[in-house]
Amino acid sequence: MMDFPPLACDGFGPEADLLPCGLLLTDLEGRILAANATLLRWLGQPASALIGQRRFAHLLAMPGQVYWKTDLWPKLCAQGHLDEVTLPLPDAGGGLRHCLLSAQLSQDSGRIGFVLSDAARAHQRDQDQARAGVLAQLRMRWLAQIERMAGVGAFALDPETGEIEASDRVFEMLGLPAAAGLTLEQLLARFVSGKVRAAIRDDLAQLTRTQAPIEHEAVLSTPAGVLRRVQMQAEGEWLGGQMTRIAGVLHDITRMHEDQQRLWQAANIDELTGLANRRLFHRQLQGALEGGSFALVLLDLDDFNAVNDLLGADAADAALREVAVRLSGLVGAAGLAARLGGDEFALLLPAADADAAAERLAQAARTALAQPFDVAATVLTACIGMASFPADATDAEGLLRCARQALAEVKTVRPGSAAFLRGPLRDRVEARRAAIAFVQEAAREGRILAWYQPKVRLDSRRIVGYEALARIRTREGTICGPELWGAALEDVDCARLVDGNVLDAVLADLTRDAARLMRVGVNFSEASLRGMDFAEQILALIATRGLSPALIELEVVETVLLGQRSEVLAQGFTRLRAQGMRIALDDFGTGFASLSHLRDLPIDRIKLDKSFVMGLAADHRNAPILRAILDLAAVLGLETVAEGVETEKAAVYLRGLGCLEGQGFRFGPARPFELLPAAGSRL
């Protein structure tokens, strides 16, 4: 029988009145013997109106009474109990309260006990429980999804047994079925190397001693052979000074690590060759300074553009990749091979005797490049600049400067060879540096001048124009020529400075007396003709003075015509000639100009190099060379000017060969504008 609270004189005890359900006690005929306060509140009646006055069936609405008499009462008598049957119960507000009724009949005591629960409240409770169950399932799903997306799995370790409980994601990382049992020792033995096992055990022991959380990174190998990099974080749970549990997470950082590797690769490795790039090279060079001595070798492939032009970009790239393989094999694991850009490479190698190591590397590199490449059996050569630490410099910038300057000098003096920046080579660099400083200072202070050497008609001996020659006035007031500072012209910026200052001086003198100077030849270096718009710049400078371009003759040496810029030069020369300026090819016969340049470029005249003229008496071979050049010029319709005319005999001889003009000491040295003779004077 159901257990009810004990009865008071007028009903159940006070504890029954606190229950959220209604309690009712009747005899076997249904007369009400007791009711708790909850039921009386629902019904809106006092206990005196029910106890001993009414039967249970009278409490029900009419449909409920029928249901009770015809179905429920017979079941209760037959079974002795009823379980959560829904019945409508009139309530105090005049409505119906749907209740869940449970009843227990006891023949021994002659009583029937009823429990009535508010069906709406029970339904809400069931709904809340169902909602909580669904939410719990959702949370589990969300947690699993978060674990999967974040690559994180949770685990718990029993420190006594070593047994591990883990989320499905942990087993997925390990390549095991989710239901697989696992202990710490099994995990360590199956998935990590011995060194990592020892480190993890040490970390766990440290956790026990210090109670501080631990973090460890390791590479796991799954049963399928898949490598995963994971990060473990764990902390202990303590009770009474004893660690009862270790809880943690396992984070799969494989993809993050791979992404970091790719980013590092992109930032530090040359994409084409796989060698270290410029950034990594500089970092490694800086780091090498903290160790012992080492060799630094810079290589620049000779005329690699020709390989690119001849074989194409793909073949040139393949050749660079093969160069990288050969060079990296020279330094081994101890050194570094890098591609600094284009066809420039660098080698670093620690060595007790850094000088000897650099020379061995340079020789080995030349030998390696001399072997035929797979690309059309091509062989390559390189200019090599060497430096050693600490002999040449004690900082990265100084070492690189030494190696680069040695490389630049090798290109100029001994192509295809290797050298340190020492001895005569260093003297040459220092002299050029001093010359550059001298020219730059002179330009800032306005001491670059134009002096003029006359050009004379060989038949009439009358002055027909001048060539402007650069001179620099020292701070002491003396005048010096290129024999003292000409090395500075190897520097692009200095060459432009001299060209620009001389042109400015010539334009200023023409403004003073254009008739006196007539036509002036002005030398332009390759550096001043590099831009696509060099012709427009020259014309603009002339226009600012209000002068005619016909007063200027642009003189260039043969080497300016080399390379791939002939078309650009031709366009610029054509633009200048269209404005009346003339173009002269200077020092003809000593450079490397092709005869096609005479044919294709808009050139008005050629100037015979003075070495042929001054050597007429010393070498009989100079005369036929001069004759051939003059005959070629006549056929092509080009005017000729002979430089270096120092004797009357040479002047007469050249006139006999058909040369129209001459210049040299026979007709006077270069002079400042103020000392020039009147226009048209005979010399």
Side-chain angles (χ1 to χ4, degrees), residues 435 438-439 442 447-474 476-489 498-499 501-510 512-525 551-555 557 584 586-588 590 605-618 622 626 640-655 659-683:
F438 178 74
V439 169
R447 293 188 282 106
I448 298 180
L449 314 172
W451 280 29
Y452 302 93
Q453 186 174 43
K455 297 178 184 177
V456 176
R457 286 280 300 189
L458 294 179
D459 53 0
S460 66
R461 303 301 174 93
R462 290 187 180 279
I463 297 174
V464 293
Y466 290 90
E467 178 181 359
L469 302 175
R471 296 291 185 267
I472 292 179
R473 185 177 63 252
T474 68
E476 292 74 24
T478 59
I479 303 298
C480 58
E483 66 277 0
L484 295 181
W485 47 263
L489 300 179
V498 172
D499 290 350
N501 278 268
V502 169
L503 178 60
D504 285 343
V506 168
L507 295 178
D509 289 338
L510 283 170
R512 294 163 62 187
D513 191 349
R516 190 177 195 183
L517 286 173
M518 294 172 282
R519 187 190 298 270
V520 181
V522 181
N523 292 281
F524 284 83
S525 65
L551 295 171
I552 300 294
E553 181 171 279
L554 186 148
E555 296 189 8
V557 296
D586 200 8
D587 299 336
F588 186 80
T590 60
R605 61 169 62 190
I606 56 178
K607 300 185 71 175
L608 308 178
D609 187 73
K610 62 183 179 181
S611 63
F612 296 115
V613 177
M614 296 172 66
L616 279 172
N622 286 317
L626 284 173
T640 55
V641 181
E643 298 180 296
V645 181
E646 296 191 347
T647 65
E648 180 63 23
K649 183 177 180 180
V652 173
Y653 181 76
L654 288 166
R655 174 71 188 100
C659 184
L660 298 179
E661 297 178 13
Q663 67 181 89
F665 284 106
R666 167 62 184 84
F667 309 116
R671 295 185 177 90
F673 176 80
E674 294 79 6
L675 299 181
L676 297 182
S681 298
R682 290 173 58 89
L683 298 176

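Index from 1, following the sequence.
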List the residues meeting salt bridge (Lys or Arg N to Asp or Glu O under 4.0 Å) with [X], not counting sequence neighbours, and say none if there are none.
X: Arg457; answer: Asp459
X: Arg447; answer: Glu441, Glu445
X: Asp499; answer: none

Which heavy atom of [X] sits nearest to which heavy atom of [Y], and what is that distance?
X: Ala650; Y: Val613; answer: CB-CG1, 4.5 Å
X: Val506; Y: Ala450; answer: CG2-CB, 4.0 Å
X: Ala670; Y: Arg471; answer: CB-NH2, 3.8 Å
X: Ala651; Y: Leu458; answer: O-CD1, 4.2 Å
X: Asn523; Y: Ala468; answer: ND2-O, 3.5 Å

Original post:
For Thr647, what residues pass the side-chain hydrogen bond (donor to acceptor under 3.5 Å, both in side chains) criterion, not counting sequence neighbours?
Top reply: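 In terms of side-chain hydrogen bond (donor to acceptor under 3.5 Å, both in side chains), with neighbours along the sequence ignored, Thr647 is linked to no residue.
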Original post:
What residues form a side-chain hydrogen bond (donor to acceptor under 3.5 Å, both in side chains) with Tyr466, not counting sequence neighbours?
Top reply: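 Tyr466 satisfies side-chain hydrogen bond (donor to acceptor under 3.5 Å, both in side chains) with no other residue.
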[Y] and [X], any side-chain heavy atoms less than 4.5 Å apart:
X: Pro672; Y: Leu449; answer: no
X: Glu643; Y: Asp587; answer: yes
X: Ile552; Y: Leu510; answer: yes
X: Leu626; Y: Leu654; answer: yes
X: Arg473; Y: Ile479; answer: yes
X: Leu484; Y: Phe438; answer: no
X: Val439; Y: Ile472; answer: yes

**OP:** For residues 660-672, pull every pair meeting side chain to side chain donor-acceptor pair (under 3.5 Å), keeping only residues two or more places apart or in separate chains.
**Re:**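 Of all non-adjacent pairs touching residues 660-672, those that pass side chain to side chain donor-acceptor pair (under 3.5 Å) are Gln453-Gln663, Glu467-Gln663, Arg605-Glu661, Lys607-Gln663, Glu648-Arg666.
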[atom2] on [Y] to [atom1] on [X], rounded to 0.5 Å:
X: Leu507; Y: Leu551; atom1: CG; atom2: CG; value: 9.0 Å
X: Leu608; Y: Asn622; atom1: CG; atom2: CG; value: 11.5 Å
X: Thr640; Y: Ile606; atom1: OG1; atom2: CD1; value: 6.5 Å

**OP:** Not counting sequence neighbours, which residues clear side chain to side chain contact (heavy atoms under 4.5 Å, CB included) with Asp513? List them please.
**Re:**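 Asp513 satisfies side chain to side chain contact (heavy atoms under 4.5 Å, CB included) with Ala515, Arg516, Phe673 once adjacent residues are dropped.
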Original post:
Can you list the residues that meet the side chain to side chain contact (heavy atoms under 4.5 Å, CB included) rule with Leu683, with sequence neighbours excluded?
Top reply: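 With neighbours one apart ignored, the set is Pro454, Val456, Ile463, Phe667.
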Result block: side-chain N/O donor-acceptor pairs under 3.5 angstrom for residues 674-682, not counting sequence neighbours:
residue	atom	partner	partner atom	Å
Glu674	OE2	Arg512	NH2	3.4
Ser681	OG	Ala678	N	3.4
Ser681	OG	Ala678	O	2.6
Arg682	NH1	Ser460	O	2.8

